[in-house]
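All values derive from a computational prediction rather than experimental measurement. Here is how names work: the chains are called A, B, and so on, in the same order as the sequence lines, proteins then strands, and each is numbered from 1.
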Amino acid sequence: GESVGLHLPTLSVQEGDNSIINCAYSNSASDYFIWYKQESGKGPQFIIDIRSNMDKRQGQRVTVLLNKTVKHLSLQIAATQPGDSAVYFCAENAGGTSYGKLTFGQGTILTVHP
Amino acid sequence: DAGVIQSPRHEVTEMGQEVTLRCKPISGHDYLFWYRQTMMRGLELLIYFNNNVPIDDSGMPEDRFSAKMPNASFSTLKIQPSEPRDSAVYFCASSLTGQRTDTQYFGPGTRLTVL
């Protein structure tokens, strides 16, 4: 079946560096994507989203890029801080009548070293 | 706002026992979701409700699982009888409206261990 997946399960960076977390999706019908951050012992927390009619969206220190041609999504974190250490998930919503049915990727563990 | 509240935070039980997980969504949110998270399968949607009515339960693994939402501020996920393979973290989430792009807010989760 179609699914959302991640290329890299772990990413280690130094404090102050920029981080890039990647996600591949296979459902061509997906038109809405979300990045979530999950800290240890907590539930996923919304970071940023993007619709398929956009290529890029920026938030505070985060940028999401969408390449529909190759079905690829990335999350860029600028000036990574130790507090950014967490598991990051991309999720997709294929729309139609399936409201609320988010399909999550497996997650990438980001570790930020001081 | 207190956010989504789940109880208990941790549950340890023996195989065959009944387990009930509880959730209080954010006040005013019309949609409530139950997810399960495991290392092998990641985050999976089990069921979701709109205005207390179950809309899609296709993610519920089997008849041992049931979910109810008797009112707008309370939902339960019940497993009877529980099995070791049910061990996971169960999350409840809620969103404000029926818009597909509406943010889902997650609770802290219940870590279930079935021995």
- Message: Testing the basics here: between R41(B) and Q106(A), what is the closest heavy-atom pair and its distance to 0.1 Å?
- Response: O-NE2, 3.8 Å
- Query: In terms of hydrophobic clusters joined by side-chain contacts under 4.5 Å, are Y35(B) and M69(B) together?
  - Reply: no
- Note on the structure: Bottom line for Q38(A): the part with an atom under 4.5 Å from chain B's heavy atoms is side chain
- Task: Give the cluster check for F74(B) versus Y105(B): same hydrophobic cluster or not, with ILVMFWY residues linked at side-chain heavy-atom distances below 4.5 Å.
- Result: no
- Should Y32(A) and F89(A) be regarded as members of a common hydrophobic cluster, given that ILVMFWY residues are connected when their side-chain heavy atoms come within less than 4.5 Å of each other, either directly or indirectly? yes
- Calculate, to the nearest 0.5 Å, the distance between atoms CG and OG1 belonging to D49(A) and T103(B) respectively. 6.0 Å
- Message: Side-chain heavy atoms nearer than 4.5 Å, only ILVMFWY residues, links allowed to pass through others: does that put F33(B) and I5(B) together?
- Response: no
- Message: Between Q37(B) and chain A, with a heavy-atom cut-off of 4.5 Å, which part of the residue counts as in contact: side chain, backbone, both or neither?
- Response: side chain
- Query: Between Y36(A) and L43(B), is a side chain to side chain contact (heavy atoms under 4.5 Å, CB included) present by the stated rule, with each step listed?
  - Reply: CA-CA 12 Å; Y36(A) 278 88; L43(B) 264 166; over 6 Å; no
- Message: Same cluster or not: L112(B) versus M60(B), using hydrophobic residues (I, L, V, M, F, W, Y) connected whenever any side-chain heavy atoms lie under 4.5 Å apart?
- Response: yes
